[in-house]
Amino acid sequence: MTSSRLNLVLVSTPIGALGSGRGGGVELTLSSLLRGLTERGHRLRLVAAQGSQLPRGCESVQLITAEGNDQPSWQHADADEAMLIPRNGLMPAMWNRALQEADGADAVLNFGYDWLPLWITPHVRPPLFHLISMGSVAAVMEEAVEALAGWDQRRLAFHTSRQAADFTLPNAPRVVGNGFDLSGYEVCLDGAGPLGWAGRIAPEKGLEDAAAAAAALGERLLVWGLREDEDYALSVEASVPPGTLDWRGFLPTRALQAELGRCRALINTPKWNEAYGNVVVEALACGVPVVAYDRGGPGELICSGTTGFLVEPDDVAALTQALRDVMVIDRSACRAWVEQNADQAVFARRVETWISEGLMPLP
Ligand code: UDP
(Lines give C-alpha, C1' and ligand atoms only; values in the text may rest on other atoms or scores of the structure.)
Protein backbone atom coordinates (compact mmCIF):
# COMPACT_ATOMS: atom_id res chain seq x y z
CA MET A 1 0.00 0.00 0.00
CA THR A 2 1.28 3.48 -0.81
CA SER A 3 1.25 6.56 1.37
CA SER A 4 -0.64 8.65 -1.18
CA ARG A 5 -3.62 6.88 -2.67
CA LEU A 6 -4.66 7.98 -6.10
CA ASN A 7 -8.22 8.30 -7.31
CA LEU A 8 -8.04 7.17 -10.93
CA VAL A 9 -10.41 6.76 -13.85
CA LEU A 10 -9.14 4.16 -16.31
CA VAL A 11 -10.48 4.14 -19.86
CA SER A 12 -10.43 0.83 -21.70
CA THR A 13 -10.04 0.28 -25.44
CA PRO A 14 -13.10 1.22 -27.54
CA ILE A 15 -12.71 -2.04 -29.47
CA GLY A 16 -14.80 -4.80 -27.94
CA ALA A 17 -15.79 -5.50 -24.36
CA LEU A 18 -13.12 -6.30 -21.81
CA GLY A 19 -12.89 -10.10 -21.77
CA SER A 20 -13.87 -10.55 -25.43
CA GLY A 21 -10.27 -10.80 -26.67
CA ARG A 22 -10.97 -8.22 -29.37
CA GLY A 23 -8.86 -5.62 -27.59
CA GLY A 24 -5.75 -7.83 -27.99
CA GLY A 25 -2.92 -7.32 -25.50
CA VAL A 26 -4.53 -4.18 -24.07
CA GLU A 27 -7.08 -6.37 -22.26
CA LEU A 28 -4.40 -8.22 -20.35
CA THR A 29 -2.45 -5.03 -19.61
CA LEU A 30 -5.55 -3.42 -18.21
CA SER A 31 -6.49 -6.45 -16.12
CA SER A 32 -3.10 -6.74 -14.47
CA LEU A 33 -2.94 -3.02 -13.85
CA LEU A 34 -6.40 -3.00 -12.25
CA ARG A 35 -5.21 -5.75 -9.91
CA GLY A 36 -1.78 -4.24 -9.28
CA LEU A 37 -3.12 -0.74 -8.52
CA THR A 38 -5.96 -2.15 -6.36
CA GLU A 39 -3.41 -4.08 -4.31
CA ARG A 40 -1.53 -0.82 -3.78
CA GLY A 41 -4.65 0.78 -2.31
CA HIS A 42 -5.65 3.14 -5.11
CA ARG A 43 -9.30 3.94 -5.82
CA LEU A 44 -10.22 2.90 -9.35
CA ARG A 45 -13.10 3.40 -11.71
CA LEU A 46 -13.05 1.74 -15.13
CA VAL A 47 -14.89 3.02 -18.20
CA ALA A 48 -15.35 0.20 -20.70
CA ALA A 49 -17.69 -1.08 -23.39
CA GLN A 50 -20.99 -2.58 -22.36
CA GLY A 51 -20.64 -6.30 -21.70
CA SER A 52 -17.20 -5.89 -20.14
CA GLN A 53 -16.26 -8.17 -17.26
CA LEU A 54 -14.11 -7.02 -14.38
CA PRO A 55 -11.17 -9.36 -14.02
CA ARG A 56 -10.87 -11.68 -11.01
CA GLY A 57 -9.58 -9.87 -7.93
CA CYS A 58 -10.93 -6.47 -9.05
CA GLU A 59 -14.31 -6.54 -7.32
CA SER A 60 -13.63 -3.19 -5.63
CA VAL A 61 -13.25 -1.43 -9.00
CA GLN A 62 -16.34 0.48 -10.09
CA LEU A 63 -17.27 -0.47 -13.65
CA ILE A 64 -18.90 2.23 -15.77
CA THR A 65 -20.07 1.07 -19.16
CA ALA A 66 -20.77 2.93 -22.39
CA GLU A 67 -22.47 1.79 -25.55
CA GLY A 68 -21.80 2.45 -29.21
CA ASN A 69 -20.21 1.23 -32.39
CA ASP A 70 -16.64 0.01 -32.07
CA GLN A 71 -13.82 2.30 -33.10
CA PRO A 72 -11.97 1.01 -36.18
CA SER A 73 -8.57 -0.35 -35.18
CA TRP A 74 -5.38 1.39 -36.30
CA GLN A 75 -3.66 -1.98 -36.52
CA HIS A 76 -4.19 -2.32 -40.25
CA ALA A 77 -4.21 1.34 -41.21
CA ASP A 78 -2.26 2.84 -44.12
CA ALA A 79 0.31 5.52 -43.31
CA ASP A 80 -1.97 8.30 -44.63
CA GLU A 81 -5.22 6.92 -43.18
CA ALA A 82 -7.70 9.52 -41.89
CA MET A 83 -9.08 9.56 -38.37
CA LEU A 84 -12.62 8.18 -38.50
CA ILE A 85 -15.29 8.04 -35.84
CA PRO A 86 -18.36 5.94 -36.65
CA ARG A 87 -21.87 7.21 -36.03
CA ASN A 88 -22.93 6.46 -32.43
CA GLY A 89 -19.29 5.75 -31.76
CA LEU A 90 -18.21 3.88 -28.64
CA MET A 91 -15.04 5.95 -28.28
CA PRO A 92 -16.76 9.36 -27.83
CA ALA A 93 -19.39 7.69 -25.63
CA MET A 94 -16.65 6.32 -23.38
CA TRP A 95 -14.88 9.68 -23.19
CA ASN A 96 -18.14 11.41 -22.41
CA ARG A 97 -18.48 9.13 -19.37
CA ALA A 98 -14.79 9.35 -18.50
CA LEU A 99 -14.82 13.17 -18.42
CA GLN A 100 -17.96 13.14 -16.25
CA GLU A 101 -16.27 10.72 -13.86
CA ALA A 102 -13.03 12.71 -13.92
CA ASP A 103 -14.46 15.38 -11.63
CA GLY A 104 -12.77 14.72 -8.32
CA ALA A 105 -10.33 12.15 -9.74
CA ASP A 106 -6.59 12.75 -9.59
CA ALA A 107 -6.06 11.55 -13.15
CA VAL A 108 -7.60 9.73 -16.10
CA LEU A 109 -5.54 6.92 -17.59
CA ASN A 110 -6.23 6.05 -21.22
CA PHE A 111 -5.55 2.62 -22.75
CA GLY A 112 -7.06 3.26 -26.18
CA TYR A 113 -4.80 4.06 -29.12
CA ASP A 114 -6.89 6.95 -30.48
CA TRP A 115 -6.48 10.47 -31.75
CA LEU A 116 -9.33 12.14 -29.85
CA PRO A 117 -8.15 11.57 -26.25
CA LEU A 118 -4.63 12.64 -27.21
CA TRP A 119 -5.91 15.78 -28.91
CA ILE A 120 -8.21 16.89 -26.06
CA THR A 121 -5.53 16.47 -23.37
CA PRO A 122 -4.19 20.07 -23.37
CA HIS A 123 -7.76 21.41 -23.60
CA VAL A 124 -9.44 19.78 -20.59
CA ARG A 125 -8.97 20.35 -16.88
CA PRO A 126 -8.61 16.72 -15.69
CA PRO A 127 -5.06 15.44 -16.15
CA LEU A 128 -5.18 12.78 -18.88
CA PHE A 129 -2.38 10.21 -19.17
CA HIS A 130 -1.92 7.82 -22.08
CA LEU A 131 -0.28 4.42 -22.13
CA ILE A 132 0.51 4.14 -25.84
CA SER A 133 -0.12 0.56 -26.91
CA MET A 134 1.29 0.52 -30.46
CA GLY A 135 4.16 1.97 -32.41
CA SER A 136 3.52 4.42 -35.21
CA VAL A 137 1.03 3.05 -37.71
CA ALA A 138 -0.38 6.19 -39.33
CA ALA A 139 0.89 9.76 -39.63
CA VAL A 140 -2.17 11.30 -38.00
CA MET A 141 -1.61 9.24 -34.83
CA GLU A 142 2.14 9.74 -34.87
CA GLU A 143 1.62 13.50 -35.05
CA ALA A 144 -0.94 13.43 -32.23
CA VAL A 145 1.49 11.58 -29.96
CA GLU A 146 4.33 13.93 -30.89
CA ALA A 147 2.20 17.08 -30.43
CA LEU A 148 1.21 15.96 -26.95
CA ALA A 149 4.82 15.14 -26.13
CA GLY A 150 5.72 18.69 -27.17
CA TRP A 151 3.09 20.07 -24.77
CA ASP A 152 3.93 17.84 -21.77
CA GLN A 153 5.64 14.52 -22.46
CA ARG A 154 5.00 13.39 -18.88
CA ARG A 155 1.47 12.50 -19.97
CA LEU A 156 2.77 9.69 -22.18
CA ALA A 157 4.24 6.28 -21.41
CA PHE A 158 5.28 3.42 -23.66
CA HIS A 159 5.70 -0.33 -23.22
CA THR A 160 9.22 -0.56 -24.67
CA SER A 161 11.98 1.73 -25.92
CA ARG A 162 11.78 0.16 -29.37
CA GLN A 163 8.10 1.06 -29.60
CA ALA A 164 8.78 4.62 -28.40
CA ALA A 165 11.55 5.01 -30.98
CA ASP A 166 8.83 5.23 -33.65
CA PHE A 167 8.03 8.71 -32.34
CA THR A 168 10.14 11.87 -32.32
CA LEU A 169 10.03 12.98 -28.70
CA PRO A 170 11.68 15.95 -26.99
CA ASN A 171 12.83 13.83 -24.02
CA ALA A 172 13.73 10.22 -23.29
CA PRO A 173 10.52 8.14 -23.23
CA ARG A 174 8.88 6.91 -20.06
CA VAL A 175 8.96 3.11 -20.48
CA VAL A 176 6.71 1.16 -18.11
CA GLY A 177 6.88 -2.32 -19.66
CA ASN A 178 3.90 -4.48 -18.84
CA GLY A 179 2.70 -6.65 -15.98
CA PHE A 180 1.33 -10.14 -15.38
CA ASP A 181 -0.38 -11.89 -12.50
CA LEU A 182 2.23 -14.59 -12.09
CA SER A 183 0.03 -16.66 -9.77
CA GLY A 184 -1.91 -17.50 -12.95
CA TYR A 185 1.11 -18.99 -14.78
CA GLU A 186 2.47 -22.34 -13.72
CA VAL A 187 6.11 -23.12 -14.45
CA CYS A 188 6.69 -26.29 -16.44
CA LEU A 189 10.32 -27.41 -16.45
CA ASP A 190 9.80 -30.29 -18.89
CA GLY A 191 11.11 -28.99 -22.19
CA ALA A 192 10.29 -31.93 -24.45
CA GLY A 193 6.94 -30.69 -25.77
CA PRO A 194 5.77 -29.32 -29.12
CA LEU A 195 6.37 -25.91 -30.69
CA GLY A 196 3.84 -23.16 -30.07
CA TRP A 197 2.74 -19.81 -31.47
CA ALA A 198 0.19 -17.40 -29.96
CA GLY A 199 -1.37 -14.13 -31.09
CA ARG A 200 -4.10 -12.61 -33.19
CA ILE A 201 -4.20 -14.44 -36.52
CA ALA A 202 -3.41 -11.39 -38.64
CA PRO A 203 -0.64 -10.56 -41.16
CA GLU A 204 1.37 -8.25 -38.86
CA LYS A 205 1.93 -11.23 -36.55
CA GLY A 206 3.82 -13.24 -39.18
CA LEU A 207 2.40 -16.69 -38.43
CA GLU A 208 3.49 -17.88 -41.89
CA ASP A 209 7.18 -17.73 -40.90
CA ALA A 210 6.63 -19.75 -37.72
CA ALA A 211 4.63 -22.26 -39.76
CA ALA A 212 7.45 -22.48 -42.33
CA ALA A 213 10.04 -23.11 -39.58
CA ALA A 214 7.87 -25.85 -38.02
CA ALA A 215 7.39 -27.41 -41.46
CA ALA A 216 11.17 -27.30 -42.10
CA LEU A 217 11.64 -29.26 -38.87
CA GLY A 218 8.83 -31.66 -39.85
CA GLU A 219 6.98 -30.70 -36.66
CA ARG A 220 3.49 -29.67 -35.68
CA LEU A 221 2.88 -26.07 -34.55
CA LEU A 222 0.25 -25.41 -31.91
CA VAL A 223 -1.49 -22.09 -32.61
CA TRP A 224 -3.59 -20.11 -30.11
CA GLY A 225 -5.41 -16.89 -30.86
CA LEU A 226 -8.33 -15.06 -32.32
CA ARG A 227 -8.81 -15.66 -36.08
CA GLU A 228 -9.05 -11.96 -36.84
CA ASP A 229 -8.32 -12.37 -40.56
CA GLU A 230 -9.87 -15.56 -41.91
CA ASP A 231 -8.38 -15.24 -45.43
CA TYR A 232 -4.94 -14.82 -43.94
CA ALA A 233 -5.45 -17.86 -41.68
CA LEU A 234 -6.42 -19.96 -44.70
CA SER A 235 -3.43 -18.75 -46.73
CA VAL A 236 -1.02 -19.69 -43.92
CA GLU A 237 -2.69 -23.10 -43.65
CA ALA A 238 -2.21 -23.63 -47.39
CA SER A 239 1.49 -22.63 -47.23
CA VAL A 240 2.57 -25.67 -45.20
CA PRO A 241 1.96 -29.44 -45.40
CA PRO A 242 -1.49 -30.48 -44.13
CA GLY A 243 -1.50 -31.15 -40.40
CA THR A 244 1.43 -28.79 -39.65
CA LEU A 245 -0.86 -26.29 -37.94
CA ASP A 246 -2.89 -27.37 -34.94
CA TRP A 247 -5.47 -24.59 -34.43
CA ARG A 248 -6.26 -24.47 -30.71
CA GLY A 249 -8.61 -21.44 -30.79
CA PHE A 250 -8.70 -18.47 -28.45
CA LEU A 251 -8.36 -19.69 -24.87
CA PRO A 252 -8.80 -17.79 -21.61
CA THR A 253 -5.45 -17.11 -19.89
CA ARG A 254 -5.77 -19.99 -17.44
CA ALA A 255 -6.28 -22.59 -20.16
CA LEU A 256 -3.79 -20.90 -22.50
CA GLN A 257 -0.94 -21.02 -20.00
CA ALA A 258 -1.64 -24.67 -19.19
CA GLU A 259 -1.20 -25.64 -22.87
CA LEU A 260 1.54 -23.11 -23.60
CA GLY A 261 3.58 -24.28 -20.59
CA ARG A 262 4.02 -27.72 -22.13
CA CYS A 263 5.73 -26.31 -25.23
CA ARG A 264 9.40 -26.72 -25.96
CA ALA A 265 9.51 -23.18 -27.35
CA LEU A 266 7.23 -20.34 -28.37
CA ILE A 267 7.93 -18.86 -31.79
CA ASN A 268 7.31 -15.11 -32.17
CA THR A 269 7.64 -13.66 -35.63
CA PRO A 270 6.28 -10.10 -35.77
CA LYS A 271 6.26 -8.30 -39.11
CA TRP A 272 5.60 -4.92 -37.45
CA ASN A 273 7.18 -2.94 -34.65
CA GLU A 274 5.37 -4.90 -31.91
CA ALA A 275 4.93 -2.51 -28.96
CA TYR A 276 5.55 -5.18 -26.33
CA GLY A 277 4.55 -8.79 -27.02
CA ASN A 278 2.45 -10.12 -24.15
CA VAL A 279 2.57 -13.67 -25.40
CA VAL A 280 6.38 -13.63 -25.24
CA VAL A 281 6.31 -12.84 -21.53
CA GLU A 282 3.42 -15.22 -20.85
CA ALA A 283 5.46 -18.05 -22.36
CA LEU A 284 8.53 -17.07 -20.31
CA ALA A 285 6.32 -16.99 -17.19
CA CYS A 286 5.57 -20.68 -17.81
CA GLY A 287 9.27 -21.42 -18.27
CA VAL A 288 8.97 -21.64 -22.06
CA PRO A 289 11.91 -20.16 -24.01
CA VAL A 290 11.03 -17.86 -26.90
CA VAL A 291 12.64 -17.88 -30.31
CA ALA A 292 11.82 -14.58 -31.97
CA TYR A 293 12.71 -12.05 -34.59
CA ASP A 294 14.91 -9.27 -33.24
CA ARG A 295 12.25 -6.68 -33.97
CA GLY A 296 10.08 -4.43 -31.76
CA GLY A 297 9.25 -5.29 -28.15
CA PRO A 298 10.21 -8.99 -28.32
CA GLY A 299 13.71 -7.93 -29.40
CA GLU A 300 13.98 -5.95 -26.16
CA LEU A 301 12.33 -8.50 -23.87
CA ILE A 302 14.22 -11.69 -24.76
CA CYS A 303 17.78 -12.12 -23.47
CA SER A 304 19.22 -14.07 -26.40
CA GLY A 305 21.04 -17.16 -25.13
CA THR A 306 19.42 -16.95 -21.66
CA THR A 307 15.62 -16.86 -22.12
CA GLY A 308 15.50 -17.87 -25.77
CA PHE A 309 17.06 -16.74 -29.03
CA LEU A 310 16.75 -13.64 -31.17
CA VAL A 311 17.40 -13.99 -34.88
CA GLU A 312 17.57 -11.62 -37.85
CA PRO A 313 14.00 -10.52 -38.71
CA ASP A 314 12.36 -12.45 -41.58
CA ASP A 315 15.16 -15.04 -41.70
CA VAL A 316 13.23 -18.34 -41.53
CA ALA A 317 16.41 -20.43 -41.85
CA ALA A 318 17.91 -18.70 -38.79
CA LEU A 319 14.64 -19.19 -36.93
CA THR A 320 14.68 -22.90 -37.76
CA GLN A 321 18.27 -23.29 -36.60
CA ALA A 322 17.57 -21.46 -33.31
CA LEU A 323 14.66 -23.84 -32.68
CA ARG A 324 17.07 -26.78 -33.04
CA ASP A 325 19.26 -25.22 -30.32
CA VAL A 326 16.52 -24.22 -27.88
CA MET A 327 16.95 -27.20 -25.52
CA VAL A 328 20.08 -25.51 -24.09
CA ILE A 329 17.95 -22.79 -22.48
CA ASP A 330 17.35 -23.17 -18.73
CA ARG A 331 13.57 -22.93 -18.31
CA SER A 332 13.79 -21.61 -14.75
CA ALA A 333 15.81 -18.61 -16.03
CA CYS A 334 12.82 -17.70 -18.23
CA ARG A 335 10.48 -17.53 -15.25
CA ALA A 336 13.05 -15.66 -13.15
CA TRP A 337 13.29 -12.92 -15.77
CA VAL A 338 9.52 -12.36 -15.65
CA GLU A 339 9.43 -12.29 -11.85
CA GLN A 340 12.06 -9.56 -11.82
CA ASN A 341 10.86 -7.51 -14.76
CA ALA A 342 7.18 -8.04 -15.55
CA ASP A 343 5.33 -9.02 -12.39
CA GLN A 344 2.05 -7.06 -12.07
CA ALA A 345 3.24 -5.44 -8.82
CA VAL A 346 6.42 -4.19 -10.54
CA PHE A 347 4.31 -2.82 -13.40
CA ALA A 348 1.79 -1.14 -11.06
CA ARG A 349 4.63 0.58 -9.19
CA ARG A 350 6.10 1.90 -12.45
CA VAL A 351 2.70 3.24 -13.54
CA GLU A 352 2.09 4.80 -10.13
CA THR A 353 5.46 6.58 -10.29
CA TRP A 354 4.72 7.78 -13.82
CA ILE A 355 1.35 9.29 -12.82
CA SER A 356 2.60 10.74 -9.52
CA GLU A 357 5.53 12.46 -11.23
CA GLY A 358 3.30 13.66 -14.07
CA LEU A 359 0.93 15.30 -11.58
CA MET A 360 3.69 17.45 -10.10
CA PRO A 361 3.78 21.05 -11.31
CA LEU A 362 6.15 21.62 -14.20
CA PRO A 363 9.44 23.11 -12.98
N1 UDP B 1 -4.44 -14.49 -25.95
C2 UDP B 1 -5.37 -15.19 -25.20
N3 UDP B 1 -5.77 -16.41 -25.64
C4 UDP B 1 -5.26 -16.99 -26.75
C5 UDP B 1 -4.29 -16.30 -27.50
C6 UDP B 1 -3.89 -15.04 -27.08
O7 UDP B 1 -5.85 -14.70 -24.18
O8 UDP B 1 -5.69 -18.10 -27.07
C9 UDP B 1 -4.03 -13.17 -25.49
C10 UDP B 1 -2.63 -13.18 -24.91
O11 UDP B 1 -2.66 -13.57 -23.58
C12 UDP B 1 -2.17 -11.73 -25.08
C13 UDP B 1 -3.03 -11.20 -26.22
O14 UDP B 1 -3.97 -12.24 -26.55
O15 UDP B 1 -2.41 -10.98 -23.92
C16 UDP B 1 -2.18 -10.86 -27.42
O17 UDP B 1 -1.36 -9.79 -27.03
P18 UDP B 1 -0.02 -9.41 -27.77
O19 UDP B 1 0.62 -8.29 -27.00
O20 UDP B 1 0.83 -10.62 -27.93
O21 UDP B 1 -0.50 -8.91 -29.19
P22 UDP B 1 -1.66 -7.87 -29.71
O23 UDP B 1 -2.86 -8.70 -30.01
O24 UDP B 1 -1.91 -6.86 -28.60
O25 UDP B 1 -1.06 -7.23 -30.94
Side-chain angles (χ1 to χ4, degrees), residues 12-35 53 55-56 73-77 111-114 131-137 158-160 162-163 166 176-182 184-186 196-207 210 221-229 232-233 245-263 266-286 288 290 292-293 295-302 308 338 342 344 347:
S12 183
T13 165
I15 304 175
L18 191 58
S20 69
R22 296 191 37 238
V26 173
E27 293 196 26
L28 199 126
T29 302
L30 190 47
S31 300
S32 43
L33 197 55
L34 286 169
R35 275 192 298 266
Q53 309 276 340
R56 184 179 48 82
S73 168
W74 286 102
Q75 270 159 357
H76 307 116
F111 291 84
Y113 185 93
D114 291 300
L131 179 50
I132 304 295
S133 59
M134 285 192 268
S136 171
V137 285
F158 301 87
H159 288 294
T160 59
R162 291 208 184 179
Q163 171 207 6
D166 268 5
V176 293
N178 213 344
F180 300 81
D181 175 6
L182 295 186
Y185 298 86
E186 231 171 287
W197 186 97
R200 285 178 293 106
I201 317 297
E204 67 273 18
K205 297 293 190 176
L207 172 61
L221 180 65
L222 274 52
V223 177
W224 297 274
L226 203 73
R227 277 171 92 109
E228 196 177 71
D229 185 332
Y232 169 72
L245 297 182
D246 184 348
W247 301 99
R248 316 290 296 175
F250 181 85
L251 300 185
T253 303
R254 211 183 160 73
L256 174 66
Q257 65 83 35
E259 294 197 7
L260 190 56
R262 287 194 285 271
C263 285
L266 180 86
I267 313 178
N268 193 258
T269 42
K271 295 284 171 179
W272 68 340
N273 186 17
E274 187 82 63
Y276 188 79
N278 283 355
V279 294
V280 167
V281 179
E282 292 180 88
L284 297 176
C286 300
V288 177
V290 184
Y293 286 153
R295 174 181 276 146
E300 196 170 316
L301 299 171
I302 296 158
V338 183
Q344 76 184 12
F347 179 47

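Just so we're clear, the structure is a prediction, and the values are computed from it rather than from any experiment. Start at 1 and go down the list; that is how both ligands and their atoms are numbered.
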Flag, side chain of [X] to backbone of [Y], donor-acceptor distance under 3.5 Å:
X: S136; Y: D166; result: no
X: Y185; Y: V281; result: no
X: Q257; Y: E186; result: yes
X: T269; Y: G206; result: yes
X: N268; Y: V280; result: no

What do you reckon, does [X] put a non-hydrogen atom under 4.0 Å from ligand 1?
X: G297; result: no
X: A198; result: no
X: K205; result: yes
X: E274; result: yes

Under 4.0 Å, heavy atoms only, figure out whether ligand 1 is touched by the backbone of V279, its side chain, both or neither.
->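 Both backbone and side chain.
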Starting from [atom], find the nearest protein heavy-atom neighbour and note its residue, name and distance.
atom: atom 23 (O) of ligand 1; result: R200 NE, 2.8 Å
atom: atom 9 (C) of ligand 1; result: F250 CE1, 4.2 Å
atom: atom 8 (O) of ligand 1; result: L251 N, 2.8 Å
atom: atom 16 (C) of ligand 1; result: G25 N, 3.9 Å
atom: atom 5 (C) of ligand 1; result: G225 CA, 3.6 Å
atom: atom 15 (O) of ligand 1; result: N278 ND2, 3.2 Å
atom: atom 12 (C) of ligand 1; result: E282 OE2, 3.3 Å

Are side-chain N/O atoms of Q163 and Y276 paired as donor and acceptor at under 3.5 Å?
->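 Checked: Q163/Y276 side chains show no N/O donor-acceptor pair below 3.5 Å.
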So do E27 and S20 actually touch side chain to side chain, heavy atoms under 4.5 Å?
->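 Answer yes - side chains close enough.
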Are any non-hydrogen side-chain atoms of E204 and E274 less than 4.5 angstrom apart?
->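 The answer is no; the side chains never approach within 4.5 Å.
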Which ligand 1 atoms does G249 reach within 4.0 Å, using its non-hydrogen atoms?
->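 Selected atoms, number and element: 8 (O).
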Roughly how far apart are N178 CG and L28 CG, rounded to 0.5 Å?
->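 Rounded to the nearest 0.5 Å, the CG-CG separation comes to 7.0 Å.
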